[in-house]
Protein chains: 2
Amino acid sequence: MTTPKRRLPVMADVAKEAGVSHQTVSRVLNDHPNVRPDTRARVEEAITRLGYRRNLVARALVTKRSRTLGVVSFDTTLYGPASTIYGIEQAARTAGYFISIVSLKSIDAGSVRDAIDYLAEQGVDGVVVVAPQRSAGRALENLPPGMPAVAVEGTHSADVSVVCIDQIEGARLATRHLLELGHETVWHVSGPADWLETEGRIEGWRAALEEAGRPVPEPLAGDWSPRAGYEAGKSLAAMDGVTAVFAGNDQMALGVLRALSEAGVRVPDQISVVGFDDIPESEFFSPPLTTVRQDFDVVGRHCIEVLLRQIDLGSATYERLVVPPGFVVRSSTSPAR
Amino acid sequence: MTTPKRRLPVMADVAKEAGVSHQTVSRVLNDHPNVRPDTRARVEEAITRLGYRRNLVARALVTKRSRTLGVVSFDTTLYGPASTIYGIEQAARTAGYFISIVSLKSIDAGSVRDAIDYLAEQGVDGVVVVAPQRSAGRALENLPPGMPAVAVEGTHSADVSVVCIDQIEGARLATRHLLELGHETVWHVSGPADWLETEGRIEGWRAALEEAGRPVPEPLAGDWSPRAGYEAGKSLAAMDGVTAVFAGNDQMALGVLRALSEAGVRVPDQISVVGFDDIPESEFFSPPLTTVRQDFDVVGRHCIEVLLRQIDLGSATYERLVVPPGFVVRSSTSPAR
DNA sequence: AGGGGCTATATGACCGAGCACATCTTGCGG
DNA sequence: CCGCAAGATGTGCTCGGTCATATAGCCCCT
């Protein structure tokens with residue numbers, strides 16, 4: 001009944017209601033110290049009475065800070081990006097920032113550029129790019145001027161901060177585990193070319209093999225999908241002497257397991273399999289999957305920390321934050337017979 | 001070298017550069033018809049020369065339209081919400097809208113309210129709420145005035161538009177499939193209480209059973225997680241006469257499969273299992289899972305369509321859009337022996 | 001009592017666009 | 001060659017906040 005007009009109340013309305021100036025209302029809203037307690041109370045009461053909310057758009061216009069962070073990501077449907085973004089969102093909101101998401105389907109440098117430009121136009125205070133392809137990384141090399149940015153799993157070279165999980169170490173963990181179980185060597189089903197994760201995992205796997213003086217078989221190329229793992233698994237089942245397989249991620253490991261099971265190969269008795277990611281399902285695969293654990297949540301949180309630091313300092317100091325991977329042993333690996 | 005100041009170019013700069021007024025620049029930017037071609041060209045050239053981008057924040061302030069849509073969702077890590085949001089994002093971006101996401105960990109009406117308020121403050125033009133719990137639905141019953149909203153899987157009663165997949169029909173499909181294979185009855189591992197999907201799936205399952213005049217066993221309560229399915233599967237394996245199980249989602253089905261396998265029960269020979277969702281992994285479960293297919297992508301797209309319609313019309317006409325589920329038969333079901 | 005140094009509050013400009021309206025062109029019919 | 005309507009462009013205000021600065025009130029000290 002106290003709404004003669006449809007229009008939402010603005011600061012001036014609150015000011016009038018409380019018998020002060022709009023500036024005082026602003027002070028109350030921004031927790032300025034120099035406001036007498038009773039004035040503050042009066043203003044606060046007026047605010048709730050009118051149901052006033054401050055207009056963040058107007059605020060952003062003058063402060064030139066939107067308190068919104070952009071996230072550009074490749075296929076947010078995948079477990080990794082989805083979890084990372086979840087971590088980002090939680091951390092950002094706690095810090096009082098909004099998250100604006102652009103999710104890409106194709107991943108050339110051009111579309112990443114476009115996405116960043118798009119977000120820049122909207123006035124985001126910074127961007128985190130979750131697009132761990134080599135080509136996507138290139139888009140970060142000439143950002144809009146003055147735009148703070150952090151990349152997840154980015155290249156080492158670019159002029160941006162990077163937060164990543166140690167892929168090489170993860171792959172080494174997986175490979176060593178299999179080697180220590182007595183396997184002569186380890187086959188690898190890799191992710192798609194151009195992905196930094198793919199490269200890192202191949203590198204770590206190869207390194208572990210070479211350190212142990214073992215032969216390095218040709219990796220089987222996949223694309224992260226269970227289907228690709230399935231195809232690779234069929235090839236592996238048909239080959240001689242395969243006793244241990246390191247799949248580039250858990251979904252491909254699932255496909256491998258399926259193919260081996262269809263081929264009548266028992267896991268882990270005849271072939272041991274390890275994955276990468278530790279998705280929630282992998283504990284219940286048949287058999288439960290031994291895998292490298294990635295803590296996407298902390299990656300997300302670190303991204304926000306790094307980004308906010310960059311925004312607040314205004315300076316261009318590029319950090320590189322490496323999160324160590326974990327390793328969880330379940331039932332898909334066993335000693336070589 | 002043409003940057004005497006750090007400040008980004010604004011409309012006035014472009015205007016000066018092109019020798020016109022800021023209003024003409026605005027016209028060019030907004031594709032107004034009444035601009036002479038050569039003027040337009042001159043302005044466009046000035047824009048690229050200066051690298052001008054329009055400030056959407058300022059634009060939003062005066063137009064009172066931010067071209068941003070809010071999404072509040074429960075646990076964006078789950079496949080369903082993640083896929084829905086993906087669809088939403090794609091559709092929104094094509095329509096020229098940004099997406100601002102708030103992802104909730106706990107899901108009471110209060111936190112949904114808070115999230116919506118938070119987004120309202122930011123000035124979103126509308127919200128889609130992906131929080132299919134009964135309690136979350138209640139938060140939609142008194143939205144900020146004039147805020148267009150659409151709920152995914154929302155309650156029927158509330159004064160909001162709803163886009164949903166026909167859960168009852170999906171469950172019925174699953175149950176009938178098992179009945180038609182000759183199973184006497186079908187056990188059900190349900191989702192967590194309070195979820196609308198849980199209720200719908202129980203309802204459809206029960207209806208199919210009753211229509212066929214079959215006994216309706218007590219459902220086993222789960223929580224969508226593979227672990228819950230695993231526990232339920234252990235119980236099921238210990239029971240007599242169980243030949244068919246309808247799991248509330250694919251992850252729980254995975255847990256059931258695992259438990260049965262551990263108990264030495266062969267699927268589908270001894271027990272048939274069907275899931276719900278059709279996550280990308282389920283085709284490669286052991287055995288490949290027969291399941292109800294939900295097209296989250298089209299749900300997301302429909303959300304945006306409905307929401308934009310509501311925004312453009314400004315009117316409060318509430319729609320209810322029901323997407324039919326699919327059904328995909330794989331190898332986890334077979335005729336009763 | 002007077003003045004210095006605070007604190008508390010008010011005033012007006014400003015951020016960068018769009019909108020309404022005014023003004024100046026242009027084209028065309030009579 | 002004039003008049004008039006439509007087309008093209010410019011002017012000034014507005015959106016709803018914050019910032020810089022001015023001003024009023026207060027306490028304390030000499």
Side-chain angles (χ1 to χ4, degrees), chain A residues 5-44 46-47 50-68 96 120-125 146, chain B residues 5-44 46-47 50-68 96 98 120-125 144 146:
Chain A
K5 289 177 183 176
R6 251 289 186 279
R7 194 186 51 112
L8 265 55
V10 299
M11 226 158 168
D13 301 324
V14 177
K16 185 138 45 88
E17 178 83 9
V20 297
S21 77
H22 65 116
Q23 176 59 18
T24 300
V25 178
S26 174
R27 284 203 192 82
V28 170
L29 252 27
N30 295 314
D31 290 318
H32 261 66
N34 297 349
V35 178
R36 222 184 302 144
D38 62 308
T39 309
R40 182 180 300 272
R42 204 143 33 86
V43 170
E44 269 160 1
I47 286 175
L50 265 47
Y52 168 77
R53 330 210 72 98
R54 101 170 94 192
N55 182 332
L56 293 186
V57 173
R59 176 205 186 72
L61 176 60
V62 51
T63 59
K64 295 178 181 315
R65 301 277 247 86
S66 61
R67 296 197 78 81
T68 296
E121 200 170 48
Q122 194 206 12
V124 296
D125 296 339
Chain B
K5 290 177 184 178
R6 252 286 187 279
R7 195 185 50 112
L8 265 55
V10 299
M11 222 147 134
D13 301 324
V14 177
K16 184 138 47 87
E17 178 83 10
V20 296
S21 75
H22 69 113
Q23 178 58 14
T24 301
V25 178
S26 173
R27 285 201 188 86
V28 170
L29 252 28
N30 295 314
D31 289 318
H32 261 66
N34 298 349
V35 178
R36 221 187 300 143
D38 62 307
T39 308
R40 181 180 301 271
R42 205 143 31 87
V43 170
E44 271 160 358
I47 286 175
L50 264 47
Y52 168 76
R53 329 209 74 97
R54 101 169 95 193
N55 182 330
L56 293 186
V57 173
R59 176 203 184 76
L61 178 59
V62 51
T63 58
K64 297 178 178 311
R65 300 278 243 88
S66 62
R67 296 198 78 82
T68 297
F98 291 91
E121 200 170 49
Q122 193 204 16
V124 296
D125 296 339

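A note on names: the letters A, B, ... follow the listed sequences, proteins ahead of strands, and every chain is numbered from 1.
- Considering all non-hydrogen atoms of both residues, A60(B) and S66(B) come closest at CB-CA, 3.8 Å.
- Within a heavy-atom distance below 4.0 Å of DNA chain D, the residues of residues 55-64 of chain B found are L61(B), V62(B), K64(B).
- If you find the closest nucleotide of DNA chain C to P37(A) and to N30(B), the one lying nearer the 5' end belongs to P37(A).
- Every residue two or more places apart in sequence or in another chain that forms a side-chain contact (heavy atoms from CB on, under 4.5 Å) with V10(A) is listed here: R7(A), A12(A), D13(A).
- For residues 16-27 of chain B, every residue pair satisfying the salt bridge (charged side-chain N to carboxylate O under 4.0 Å, His left out) rule, not counting sequence neighbours, is listed here: E17(B)-R49(B).
- Scanning residues 21-28 of chain B for heavy-atom distances under 4.0 Å to DNA chain D yields S21(B), H22(B), Q23(B), T24(B), R27(B).
- Contact detail for A58(A) and L61(B): the closest heavy-atom pair is CB-CD1, 3.6 Å.
- Considering CG of L56(B) and CZ of R67(B), their distance stands at 9.5 Å, rounded to 0.5 Å.
- With sequence neighbours left out, the side-chain hydrogen bond (donor to acceptor under 3.5 Å, both in side chains) criterion links S26(B) to N30(B).
- To the nearest 0.5 Å, atom CE of residue M11(A) and atom OH of residue Y52(A) are 5.0 Å apart.
- Taking CD1 from I47(B) and CZ from R40(B), the interatomic distance works out to 10.0 Å, rounded to the nearest 0.5 Å.
- Nucleotides of DNA chain C lying under 4.0 Å from heavy atoms of chain A occupy a range whose first and last members, 5' to 3', are dA8(C) to dG16(C).
- Rounded to the nearest 0.5 Å, atoms OG1 (T24(B)) and CG (N34(B)) are 11.0 Å apart.
- Counting only residues at least two apart or in different chains, salt bridge (charged side-chain N to carboxylate O under 4.0 Å, His left out) contacts with residues 50-63 of chain A comprise R53(A)-D117(B).
- Here the closest heavy-atom approach between residue Q122(B) and residue T68(A) is recorded as NE2-OG1, 3.3 Å.
- Along DNA chain D, the stretch of nucleotides lying under 4.0 Å from any heavy atom of chain B spans, 5' to 3', dA8(D) to dG16(D).
- Among residues two or more places apart in sequence or in another chain, the side-chain hydrogen bond (donor to acceptor under 3.5 Å, both in side chains) test is passed with R65(A) by Y97(A).
- Comparing the axis of the opening five pairs of the helix from dA1(C)-dT30(D) to dG30(C)-dC1(D) with that of the closing five pairs yields an angle of 50°, rounded to 10°.
- Among residues two or more places apart in sequence or in another chain, the side-chain hydrogen bond (donor to acceptor under 3.5 Å, both in side chains) test is passed with N55(B) by none.
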Would R42(A) and V20(A) satisfy side chain to side chain contact (heavy atoms under 4.5 Å, CB included), going step by step from the backbone distance to the final call? CA-CA 9 Å; R42(A) 204 143 33 86; V20(A) 297; 4.0 Å; yes
